[in-house]
A.B. asks: 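I have a structure here, written as structure tokens, and I will follow up with some questions on it.
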Amino acid sequence: MPTAFQKELGTLAQRLADLCALVAIAFEEATRCALESDRTLGGRVREDVAAAAALGAACEEQAGALLVLHAPREEDVKAVVAAVHIAADLTRMGGLAGEVAEPRWRVPVELRPALGRLGEYAVAAARALRGQLAGEDGSGVADAVALAGAVERELRTETGGIAWPHGAAAAVDVVLLAAAQARFAGTAALIARRAARFVAITA
């Protein structure tokens with residue numbers, strides 16, 4: 001029978017999965033906002049990011065309470081510490097959504113489909129991670145991250161070529177936006193590796 005500590009750790013895992021789902025939604029909206037210059041979406045992303053930050057802080061607080069109230073074993077302590085790092089990393093992913101949603105990107109029309117795909121792969125990585133945190137199969141994270149990385153490299157190559165016709169400012173914007181999207185996916189991969197021990201204990 002699960003102990004009180006294990007039950008609370010399971011609750012924390014579900015809250016982290018909920019946080020991950022919220023961050024994925026925020027990033028999906030942020031990508032659309034960046035490519036469509038939709039100010040309404042930008043406002044929604046800011047609300048999502050604020051909600052993610054609040055939920056992340058609540059998860060960290062719950063993890064701290066677990067350590068104080070239950071005096072867990074060393075293995076359980078490592079799981080709780082992992083949960084704290086996961087909450088902080090997910091909150092940072094929410095911050096990336098806020099950066100992407102800023103209405104400053106000069107993206108040539110012909111590159112928007114590629115950046116849209118990159119955003120989709122980043123969101124797919126986050127959604128696969130949410131499944132892992134909820135105790136499901138998270139194997140899709142690595143595939144999504146690999147696809148995101150491939151698109152980012154293609155965009156870097158295209159913007160750096162001598163045939164690039166849109167000027168330096170647009171090239172910088174495309175590279176920075178693609179980098180933020182790839183970093184979002186890469187952080188999901190980092191969390192997935194860290195979550196393996198945590199999820200095993202909560203299962």
A.B. asks: Quick one: CZ on F27 to CD on Q181, what's the gap to the nearest 0.5 Å?
C.D. replies: 5.0 Å

A.B. asks: Got a second to check how far L22's CG is from E47's CD, nearest 0.5 Å?
C.D. replies: 11.0 Å

A.B. asks: So do the side chains of H85 and V81 get within less than 4.5 Å of each other, counting heavy atoms only?
C.D. replies: yes

A.B. asks: Let me check something: do L16 and L55 share a hydrophobic cluster, defined by ILVMFWY side-chain heavy atoms less than 4.5 Å apart, either directly or through other members?
C.D. replies: yes

A.B. asks: Looking only at heavy atoms, what is the nearest atom pair of A63 and V84, with distance?
C.D. replies: CB-CG2, 3.5 Å

A.B. asks: I'd like to check the side-chain hydrogen bond (donor to acceptor under 3.5 Å, both in side chains) partners of R156; sequence neighbours left out, ordered by chain and number.
C.D. replies: E152

A.B. asks: In the structure I gave you, are the side-chain heavy atoms of T187 and R92 within less than 4.5 Å of one another anywhere?
C.D. replies: no

A.B. asks: Determine whether L155 and V172 fall in the same hydrophobic cluster, where Ile, Leu, Val, Met, Phe, Trp and Tyr are linked whenever their side-chain heavy atoms lie under 4.5 Å apart.
C.D. replies: yes

A.B. asks: Are there more than 12 heavy atoms of other residues, nucleotides or ligands under 6.0 Å from atom CD of E61?
C.D. replies: no

A.B. asks: V123 versus L118: any side-chain heavy-atom pair under 4.5 Å?
C.D. replies: no

A.B. asks: Which pair of non-hydrogen atoms, one from G98 and one from V49, has the smallest distance, and what is that distance?
C.D. replies: N-CG2, 3.8 Å

A.B. asks: So do V100 and F184 actually touch side chain to side chain, heavy atoms under 4.5 Å?
C.D. replies: no

A.B. asks: Got a donor-acceptor contact below 3.5 angstrom from the W105 side chain to the L177 backbone?
C.D. replies: no

A.B. asks: Do L115 and T31 touch side chain to side chain, with heavy atoms closer than 4.5 Å?
C.D. replies: no

A.B. asks: What are the two closest non-hydrogen atoms of A126 and A24, and how far apart are they?
C.D. replies: CB-CB, 3.8 Å

A.B. asks: Among I191, D89, L133, I25, exactly one meets side chain to side chain contact (heavy atoms under 4.5 Å, CB included) together with C20. Which residue is that?
C.D. replies: L133

A.B. asks: Rounded to the nearest 0.5 Å, what separates atom OG1 in T157 from atom CZ in R153?
C.D. replies: 9.0 Å

A.B. asks: Hey, is E36 close enough to R112 for a salt bridge, meaning N to O under 4.0 Å?
C.D. replies: no

A.B. asks: Say whether Y121 and V175 are linked into one hydrophobic cluster, either directly or through other cluster members, by side-chain heavy-atom distances under 4.5 angstrom.
C.D. replies: no

A.B. asks: Does any N or O in the side chain of S37 come within less than 3.5 Å of the main-chain N or O of C33, such that one atom is a donor and the other an acceptor?
C.D. replies: no

A.B. asks: Less than 4.5 Å apart, any side-chain heavy atom of R127 and any of E28?
C.D. replies: yes

A.B. asks: Looking only at heavy atoms, which two atoms of A144 and A125 are closest? And how far apart?
C.D. replies: CB-N, 3.6 Å

A.B. asks: What distance separates E154 CD from R117 CZ, expressed to the nearest 0.5 Å?
C.D. replies: 6.5 Å

A.B. asks: Is it true that R15 and D18 make a salt bridge, defined as a side-chain N closer than 4.0 Å to a carboxylate O?
C.D. replies: no

A.B. asks: Assigning hydrophobic clusters by single linkage (Ile, Leu, Val, Met, Phe, Trp, Tyr; side-chain heavy-atom cutoff under 4.5 Å), is V145 placed with L129?
C.D. replies: yes

A.B. asks: How far apart are the closest heavy atoms of L19 and A87, and which atoms are they?
C.D. replies: CD2-O, 4.1 Å

A.B. asks: Supply the atom-to-atom distance L66 CG to E8 CD, rounded to the nearest 0.5 angstrom.
C.D. replies: 5.0 Å

A.B. asks: Looking at every heavy atom in both A26 and D48, which two are closest together, and how far apart are they?
C.D. replies: CB-CB, 3.7 Å

A.B. asks: Given side chains that start at C-beta, do those of R130 and E136 come closer than 4.5 Å, heavy atoms only?
C.D. replies: yes

A.B. asks: Give the cluster check for V174 versus L96: same hydrophobic cluster or not, with ILVMFWY residues linked at side-chain heavy-atom distances below 4.5 Å.
C.D. replies: yes

A.B. asks: Would a distance-only check, ignoring hydrogens and angles, find a side-chain to backbone donor-acceptor pair under 3.5 Å from R194 to I86?
C.D. replies: no

